Amino acid sequence: MTLIRTTASGSLPVTGAWREGNPLGRREFFALPGPLRLQGGASLPGARLAYETWGTLAPDAGNAVLVLHALTGDSHVAGAVEPGHPTPGWWNELIGPGKPLDTDRWFVVAPNALGGCQGSTGPSSLEPQGKPWGSRFPVLTLRDLVRAEVQLADALGVHRWAAVIGGSLGSLRALEWAVDQPDRVKSALLLAGTAVSSAEQIAWCAAQVHAITGDPAWHGGDFYDEPVGPNVGLGLARRIAHITYRSPAELDARFGHAHQPGEERYAVESYLDHQAWKLVRRFDAGSYVTLTKAMAAYDVGLDRGGVEAALRRVTARTVVAGVDSDRLFPLEQQRALAEGIPTSGPLRVVRSDHGHDGFLIETDQVGHLLTDLLDQV
Ligand SMILES: CC(=O)SCCNC(=O)CCNC(=O)[C@H](O)C(C)(C)COP(=O)(O)OP(=O)(O)OC[C@H]1O[C@@H](n2cnc3c(N)ncnc32)[C@H](O)[C@@H]1OP(=O)(O)O
Ligand SMILES: N[C@@H](CCO)C(=O)O
């Protein structure tokens with residue numbers, strides 16, 4: 001892929017070109033048996049999902065747990081950085097033998113979202129004629145992502161998940177599972193999510209999408225055969241997003257008004273540059289746009305008689321939780337979920353200074369939520 005190394009003086013193109021979803025690493029692939037009919041009316045042929053599993057599926061398939069990642073996450077919930085996996089497991093502390101999601105007991109499945117770039121079919125993938133999908137990749141909704149995961153569950157022999165668990169975008173997908181497939185979800189953990197994207201969330205998403213599509217290197221989405229991809233735009237999108245992932249108080253406490261030592265940049269600016277550079281190295285701009293638009297468009301009540309009616313369809317025992325300093329997915333959104341889902345307990349609150357990313361960072365507290373959920377399954 002083409003890399004951008006961000007420095008005090010600007011952005012320097014490095015080498016290479018983004019290529020189809022990574023085939024390496026500890027992951028397996030499920031090829032959908034036929035074209036996926038999409039909510040928008042189009043269909044997606046030749047799609048596949050990359051996924052990872054931990055533990056052993058019980059003979060009655062009753063111990064299967066589905067874990068769903070956030071916007072730029074992937075199937076690598078647990079494990080080290082290794083060839084094919086550019087980031088360590090994003091819930092390393094939570095999944096494994098003796099951990100809250102104990103893989104001696106549970107069979108854990110984590111798919112890379114359809115539309116993503118870590119093994120599942122997305123805009124950077126090759127379409128049946130062998131060219132990158134690029135601008136021809138269809139619009140996806142979160143319902144489409146879940147319908148692909150339903151086919152994966154069928155292929156794995158999992159009729160009913162003991163639990164479906166997700167944070168952020170993963171929470172929206174978990175909710176979609178619980179509403180769309182109520183008979184197939186016994187319990188659910190909805191962490192730092194919402195039933196419907198707010199105007200502000202749509203606005204954040206729109207700004208990020210414009211940052212990418214406004215980059216001249218975007219080429220209308222057909223940049224995969226170009227020497228340089230829209231990395232400046234993707235980096236800008238990540239900077240915007242990352243501000244929303246952390247709390248103002250945390251940023252102030254960590255960086256204040258200080259400059260990065262020896263540089264003209266502010267320390268917080270340097271931090272954002274670093275986060276941008278890290279994402280640009282490992283993520284496809286086309287997937288970022290596809291998944292960000294799907295998140296912005298999310299409304300669980302669409303075609304279901306509204307949000308209240310949709311939430312009433314949930315039969316899974318549900319734990320809804322949020323992070324108290326989250327300004328991107330504020331607690332009011334999770335409170336509305338907890339109040340609207342008939343089988344939910346009261347809202348659980350994760351205490352954190354870190355904002356939205358608290359769902360990734362506060363693993364002790366999230367571990368308690370998982371234990372509470374799974375102890376009663
Ligand atoms: C579900 C998923 O999304 S999984 C995908 C994995 N998640 C992500 O990649 C999301 C992006 N990353 C993050 O949001 C965060 O890094 C988390 C949530 C994973 C971890 O949060 P924290 O441990 O609090 O890390 P933090 O946000 O402080 O970032 C630390 C990095 O910033 C760097 N940094 C800190 N201050 C500065 C500074 N002034 N200038 C430049 N870099 C800085 C650190 O060196 C460190 O770099 P490294 O990650 O390359 O080692
Ligand atoms: N840090 C998370 C936040 C979005 O929920 C991500 O990049 O996916």
Side-chain angles (χ1 to χ4, degrees), residues 65-73 77 90-91 94 110-111 113 115 140-146 149 161 163-182 185 187-202 204-205 241 244-245 247 291-302 304 307-308 310-314 316-350 352 354-362 365-366 369-370 372-373:
V65 173
L66 182 67
V67 180
L68 300 170
H69 65 75
L71 180 67
T72 67
V77 185
W90 47 269
W91 265 356
L94 297 179
L140 295 183
T141 67
L142 298 189
R143 209 168 295 179
D144 298 326
L145 270 56
V146 166
E149 289 157 12
W161 297 102
V164 177
I165 291 164
S168 190
L169 181 69
S171 171
L172 276 48
R173 290 157 65 200
L175 175 63
E176 196 55 32
W177 259 99
V179 169
D180 199 54
Q181 309 286 328
V185 183
S187 74
L189 172 59
L190 309 178
L191 185 54
T194 185
V196 54
S197 292
S198 67
E200 186 175 78
Q201 286 164 332
I202 295 168
W204 287 124
C205 289
T244 72
Y245 297 158
S247 76
L291 296 176
T292 299
K293 284 183 169 176
M295 184 161 70
Y298 189 59
D299 175 358
V300 75
L302 193 67
R304 292 175 174 142
V307 169
E308 286 180 18
L311 295 184
R312 281 198 298 271
R313 294 161 68 142
V314 178
R317 185 179 162 272
T318 302
V319 172
V320 181
V323 181
D324 58 358
S325 55
D326 189 340
R327 59 174 158 187
L328 180 60
F329 286 85
L331 279 179
E332 297 77 60
Q333 292 186 323
Q334 293 96 52
R335 190 167 290 115
L337 280 172
E339 289 172 2
I341 295 174
T343 46
S344 172
L347 171 67
R348 305 280 298 270
V349 177
V350 172
S352 179
H354 297 294
H356 182 63
D357 268 347
F359 85 91
L360 292 167
I361 296 167
E362 307 294 350
Q365 295 179 65
V366 175
L369 297 173
L370 285 174
D372 290 354
L373 184 81

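All values derive from a computational prediction rather than experimental measurement.
- A search for side-chain hydrogen bond (donor to acceptor under 3.5 Å, both in side chains) contacts involving Thr72 returns Arg238, Arg282, not counting sequence neighbours.
- Partners of Ala338 under the side-chain contact (heavy atoms from CB on, under 4.5 Å) rule, at least two apart in sequence or in another chain, are Val320, Ser344, Leu347.
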Discussion item. Under the criterion side chain to side chain contact (heavy atoms under 4.5 Å, CB included), I'd like the reasoning laid out for Leu373 against Ile165: C-alpha separation, chi angles, the key distance, then a yes or no.
Written reply: CA-CA 10 Å; Leu373 184 81; Ile165 291 164; 4.1 Å; yes
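- To the nearest 0.5 Å, atoms CG (Asp372) and CZ (Arg348) are separated by 4.5 Å.
- The shortest side-chain heavy-atom distance between Leu68 and Ser171 does not fall under the 4.5 Å cut-off.
- Contacts of Glu149 classified as salt bridge (Lys or Arg N to Asp or Glu O under 4.0 Å), with partners at least two apart in sequence or in another chain: Arg173.
- In this view, Asp357 and Arg246 satisfy the salt bridge (Lys or Arg N to Asp or Glu O under 4.0 Å) rule, not counting sequence neighbours.
- Smallest separation of non-hydrogen atoms from Thr343 and Ala316: OG1-O, 2.6 Å.
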Would you mind writing out the side-chain donor-acceptor pairs for residues 189-202 within the sub-3.5 Å range, not counting sequence neighbours?
| residue | atom | partner | partner atom | Å |
| --- | --- | --- | --- | --- |
| Thr194 | OG1 | Val196 | N | 3.3 |
| Thr194 | OG1 | Val196 | O | 2.9 |
| Thr194 | OG1 | Gln333 | NE2 | 3.4 |
| Ser197 | OG | Met295 | O | 2.6 |
| Ser198 | OG | Glu200 | N | 3.4 |
| Ser198 | OG | Gln201 | N | 3.1 |
| Ser198 | OG | Gln201 | OE1 | 3.3 |
| Gln201 | OE1 | Ser198 | N | 2.8 |
| Gln201 | OE1 | Gln333 | NE2 | 3.0 |
| Gln201 | NE2 | Leu328 | O | 2.7 |
| Gln201 | NE2 | Gln333 | OE1 | 2.9 |

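- Between the side chain of His69 and the backbone N or O of Ala113 there is at least one donor-acceptor pair closer than 3.5 Å.
- Atom CG of Leu172 is separated from atom CG of Leu337 by 8.5 Å, given to the nearest 0.5 angstrom.
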Practice prompt. Decide side chain to side chain contact (heavy atoms under 4.5 Å, CB included) for Leu175 and Leu142; before the verdict, give the C-alpha distance in whole Å, the side-chain angles of both, and the deciding distance to 0.1 Å.
Written response: CA-CA 10 Å; Leu175 175 63; Leu142 298 189; over 6 Å; no
Item to complete: Start with the C-alpha distance between Leu369 and Val350, add both sets of side-chain angles, then the distance that settles side chain to side chain contact (heavy atoms under 4.5 Å, CB included), and finish with yes or no.
Response: CA-CA 9 Å; Leu369 297 173; Val350 172; 4.0 Å; yes
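- The side-chain hydrogen bond (donor to acceptor under 3.5 Å, both in side chains) check on Ser187 picks up nothing, with sequence neighbours excluded.
- Here the closest heavy-atom approach between residue Ser352 and residue Gly355 is recorded as OG-N, 4.3 Å.
- Summarising the geometry, atom CG belonging to Leu140 is positioned 7.5 Å from atom CG belonging to Leu291; distances are rounded to the nearest 0.5 Å.
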Discussion item. Walk me through whether Arg143 and Val146 qualify under side chain to side chain contact (heavy atoms under 4.5 Å, CB included).
Written reply: CA-CA 5 Å; Arg143 209 168 295 179; Val146 166; 5.8 Å; no
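- The nearest pair of heavy atoms linking Gly340 to Leu311 is O-CB, 3.5 Å.
- Side chain to side chain, Ser168 and His356 meet the donor-acceptor criterion of an N or O pair below 3.5 Å.
- Within the structure, every pair that satisfies the salt bridge (Lys or Arg N to Asp or Glu O under 4.0 Å) test and touches residues 324-335, not counting sequence neighbours, is listed here: Asp324-Arg351.
- Considering only residues two or more places apart in sequence or on other chains, Tyr298 meets the ring-ring contact (aromatic ring centres under 6.0 Å, His included) condition with none of them.
- For Ala310, the side-chain contact (heavy atoms from CB on, under 4.5 Å) partners two or more places apart in sequence, or in a different chain, are Val179, Val300, Arg304.
- In this structure Thr318 satisfies the side-chain hydrogen bond (donor to acceptor under 3.5 Å, both in side chains) test with no other residue, sequence neighbours excluded.
- Taking CZ of Phe359 as the start and CZ of Phe329 as the end, the distance is 9.0 Å to the nearest 0.5 Å.
- Here Arg317 pairs with nothing under the salt bridge (Lys or Arg N to Asp or Glu O under 4.0 Å) rule; sequence neighbours left out.
- In this structure, the side-chain contact (heavy atoms from CB on, under 4.5 Å) partners of Thr292, at least two apart in sequence or on a different chain, are Leu71, Cys205, Val209, Tyr288.
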